[in-house]
Engineer: 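The structure follows.
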2 protein chains.
Amino acid sequence: MKKTILIYGLSLAALIMLLKVLQYKYMLMDLSIEVYIGVIAALFTITGVWAGSKLISPKIKTVVVETLSTPFIINEEAVKSTGLSQRELEVLQLMAAGFSNQEIADKIFVSVSTVKSHAAGIFLKLDAKRRTQAILKAKELKIIG
Amino acid sequence: MKKTILIYGLSLAALIMLLKVLQYKYMLMDLSIEVYIGVIAALFTITGVWAGSKLISPKIKTVVVETLSTPFIINEEAVKSTGLSQRELEVLQLMAAGFSNQEIADKIFVSVSTVKSHAAGIFLKLDAKRRTQAILKAKELKIIG
DNA sequence: GAATGATTCGTCCTAAAGTATGAATGCTTT
DNA sequence: AAAGCATTCATACTTTAGGACGAATCATTC
């Protein structure tokens with residue numbers, strides 16, 4: 001980017017010098033002012049388009065990720081290393097399934113308080129701030145499917 | 001596109017006329033030629049960048065990240081069928097990456113309000129009640145990696 | 001028996017997420 | 001010109017999530 005600006009500045013300086021020379025040698029100003037402006041305008045419009053295409057950053061980043069065709073096996077080792085309890089793992093799976101705390105509570109027949117307690121434990125053990133982050137980490141560790 | 005070219009042409013004509021007038025009234029040419037060229041150059045560079053951004057098709061950067069077994073390809077058809085916009089897709093990906101609305105807002109340089117608007121659109125189009133559910137559905141549809 | 005950890009539940013509080021509504025801008029298409 | 005869509009932002013409100021306590025029960029372990 002810096003190089004682009006540099007080249008741009010140098011080109012401008014060079015053009016000015018060129019015109020200065022032409023002005024003295026061939027009385028450039030005798031040319032119609034419309035032509036004069038037109039040439040400069042065209043020149044810098046092109047330069048502008050070029051500079052713009054250089055400076056404008058690409059818009060879409062399509063990330064292609066690999067998908068395992070191999071059957072998913074819950075990594076028991078990973079579960080142990082995190083220290084997640086059975087119940088926490090259960091809650092985590094339901095979280096990843098898109099359920100709210102209330103829905104999870106209803107499914108496993110406990111109160112929302114309990115689900116929250118488990119959630120807090122999950123976030124602590126997976127070092128996550130939010131459930132979405134916890135789900136992501138759990139999938140990376142192959143703790144959940 | 002035609003309008004763009006038309007506006008561009010008219011602007012150029014207007015500028016030439018303006019300079020003509022100035023030339024007669026205030027002896028514009030007495031000004032240093034460097035300044036003169038500089039102004040026109042700057043003006044048309046800006047115009048060029050603007051015109052370029054309009055006329056040149058947006059850059060699309062596709063980053064391919066590894067394909068171990070089954071190559072994952074974002075299902076363009078599925079994206080279209082959901083009717084998700086470019087921005088919504090972007091927000092969705094960041095959601096799936098575990099970011100909060102505030103963090104997403106900071107990353108794509110918009111306000112939290114805007115992120116929430118996109119989120120609402122996502123939930124509607126993916127028929128989801130929560131972000132975790134939206135992420136799940138998006139993965140099922142292979143809209144995100 | 002005491003300590004430990006898992007599970008359960010509660011309250012209080014703050015932060016984040018989500019809903020609803022309105023509105024401005026700019027681009028595209030008809 | 002007009003209608004539609006995408007993008008942006010705001011305000012106000014409700015709901016959900018999360019943090020920070022404490023505390024009870026039960027089984028296992030030391």
Side-chain angles (χ1 to χ4, degrees), chain A residues 56 59-60 79-137, chain B residues 1-8 49-58 60 79-137:
Chain A
I56 290 171
K59 275 194 170 182
I60 310 160
V79 176
K80 280 180 189 170
S81 73
T82 58
L84 283 169
S85 72
Q86 195 57 46
R87 216 48 165 164
E88 285 169 341
L89 192 59
E90 216 173 327
V91 171
L92 180 56
Q93 287 170 333
L94 291 169
M95 269 184 182
F99 296 108
S100 69
N101 287 340
Q102 183 61 64
E103 288 170 340
I104 294 170
D106 294 341
K107 273 183 190 293
I108 64 175
F109 305 107
V110 295
S111 74
V112 186
S113 297
T114 306
V115 176
K116 284 187 180 183
S117 288
H118 291 317
I122 292 167
F123 301 147
L124 182 71
K125 289 169 184 175
L126 289 184
D127 190 32
K129 283 180 190 150
R130 284 167 286 281
R131 49 175 54 213
T132 49
Q133 224 171 69
I135 293 166
L136 195 70
K137 290 209 176 189
Chain B
M1 190 189 289
K2 287 177 183 175
K3 201 173 72 177
T4 301
I5 294 169
L6 186 67
I7 290 172
Y8 192 59
V49 171
W50 170 74
S53 70
K54 292 283 170 191
L55 298 173
I56 293 173
S57 56
I60 297 174
V79 176
K80 279 180 189 169
S81 72
T82 58
L84 283 169
S85 72
Q86 195 57 234
R87 215 47 165 166
E88 285 168 341
L89 192 60
E90 214 172 328
V91 170
L92 180 57
Q93 286 169 333
L94 291 169
M95 268 185 182
F99 295 108
S100 69
N101 287 339
Q102 183 61 65
E103 288 170 339
I104 293 171
D106 293 340
K107 273 183 190 293
I108 64 175
F109 304 106
V110 296
S111 73
V112 186
S113 298
T114 304
V115 175
K116 285 187 179 184
S117 288
H118 291 317
I122 292 167
F123 301 147
L124 182 71
K125 289 169 184 176
L126 290 185
D127 189 33
K129 285 181 189 148
R130 285 168 284 282
R131 50 174 57 211
T132 48
Q133 223 170 69
I135 293 166
L136 195 70
K137 291 209 176 191

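Both backbone and side-chain heavy atoms feed into the values below; hydrogens, waters and symmetry mates do not. Here is how names work: the chains are called A, B, and so on, in the same order as the sequence lines, proteins then strands, and each is numbered from 1.
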Engineer: Does the B/E103 side chain pair with the main chain of B/F99, one donor and one acceptor, at a distance under 3.5 Å?
Structural biologist: no

Engineer: Within this structure, what is the CD1-to-P distance between B/I135 and C/dG18, rounded to whole angstrom?
Structural biologist: 9 Å

Engineer: Taking the nucleotide of DNA chain C with the closest heavy atom to each, which residue, B/S117 or B/A128, is nearer the 5' end?
Structural biologist: B/A128

Engineer: Among the candidates C/dA17, C/dC9, D/dA17, find the nucleotide nearest to the side-chain atoms of B/R130.
Structural biologist: D/dA17

Engineer: Tell me: CD of B/E103 to C1' of C/dA15, nearest whole Å?
Structural biologist: 13 Å

Engineer: Between B/L94 and B/V115, does the side-chain contact (heavy atoms from CB on, under 4.5 Å) criterion hold? Intermediate values first, please.
Structural biologist: CA-CA 11 Å; B/L94 291 169; B/V115 175; over 6 Å; no

Engineer: Can you tell me how far NZ of B/K137 sits from CG of B/D127, rounded to the nearest 0.5 angstrom?
Structural biologist: 4.5 Å

Engineer: Please answer whether the main-chain N or O of A/L84 pairs with a side-chain N or O of A/E88 as donor and acceptor at a distance below 3.5 Å.
Structural biologist: no

Engineer: A/Q102 CD to C/dG18 C1': how many Å, rounded?
Structural biologist: 17 Å

Engineer: Looking at D/dT7, I'd like to know if its phosphate oxygens (OP1 or OP2) sit under 4.0 Å from a side-chain N or O belonging to B/T114.
Structural biologist: no

Engineer: Of the candidate nucleotides C/dG18, C/dT7, D/dA10, which contains the atom at the shortest distance from the side chain of A/Q86?
Structural biologist: C/dT7

Engineer: Measure the distance from CG on A/L126 to P on D/dG18 and round it to the nearest whole Å.
Structural biologist: 13 Å

Engineer: Are OP1 or OP2 of D/dA17 and a side-chain N or O of A/N101 less than 4.0 angstrom apart?
Structural biologist: yes

Engineer: Between D/dT7, C/dT8, D/dA17, which one does the side chain of A/S100 approach most closely?
Structural biologist: D/dA17

Engineer: To the nearest Å, give me how far apart CZ (B/F99) and P (C/dA16) are.
Structural biologist: 15 Å

Engineer: The side chain of B/K116 lies closest to which of these nucleotides: C/dT19, D/dT8, D/dG18?
Structural biologist: C/dT19

Engineer: Where the side chain of A/S113 is concerned, which of D/dC9, C/dG10, D/dT7 is the nearest nucleotide?
Structural biologist: C/dG10

Engineer: Between A/K125 (side chain) and A/G83 (backbone), is there a donor-acceptor pair under 3.5 Å?
Structural biologist: yes

Engineer: How many whole angstroms separate atom CZ of B/R87 from atom P of D/dC9?
Structural biologist: 9 Å

Engineer: Find the bend of the helix from C/dG1-D/dC30 to C/dT30-D/dA1 as the angle between its two terminal axes (five pairs each), to the nearest 10°.
Structural biologist: 40°

Engineer: Could you pick out which residue, B/S85 or A/F123, lies toward the 5' side of DNA chain D when each is mapped onto its nearest nucleotide?
Structural biologist: B/S85

Engineer: Would you call A/N101 and A/K116 a side-chain contact if the rule is heavy atoms closer than 4.5 Å?
Structural biologist: yes

Engineer: Does a donor on one side chain and an acceptor on the other come within less than 3.5 Å for A/T114 and A/S111?
Structural biologist: yes

Engineer: Rounding to an integer number of Å, can you tell me how far A/H118 NE2 sits from C/dG5 C1'?
Structural biologist: 13 Å

Engineer: Could you pick out which residue, B/F109 or B/L84, lies toward the 5' side of DNA chain D when each is mapped onto its nearest nucleotide?
Structural biologist: B/L84

Engineer: Are any of A/S111's side-chain N or O atoms less than 4.0 Å away from OP1 or OP2 of C/dC9?
Structural biologist: yes

Engineer: Decide yes or no for A/I135 and B/I135: does some side-chain heavy atom of the first lie under 4.5 Å from some side-chain heavy atom of the second?
Structural biologist: no

Engineer: Whole angstrom is fine here: how far is it from CZ in A/R131 over to P in C/dA17?
Structural biologist: 11 Å

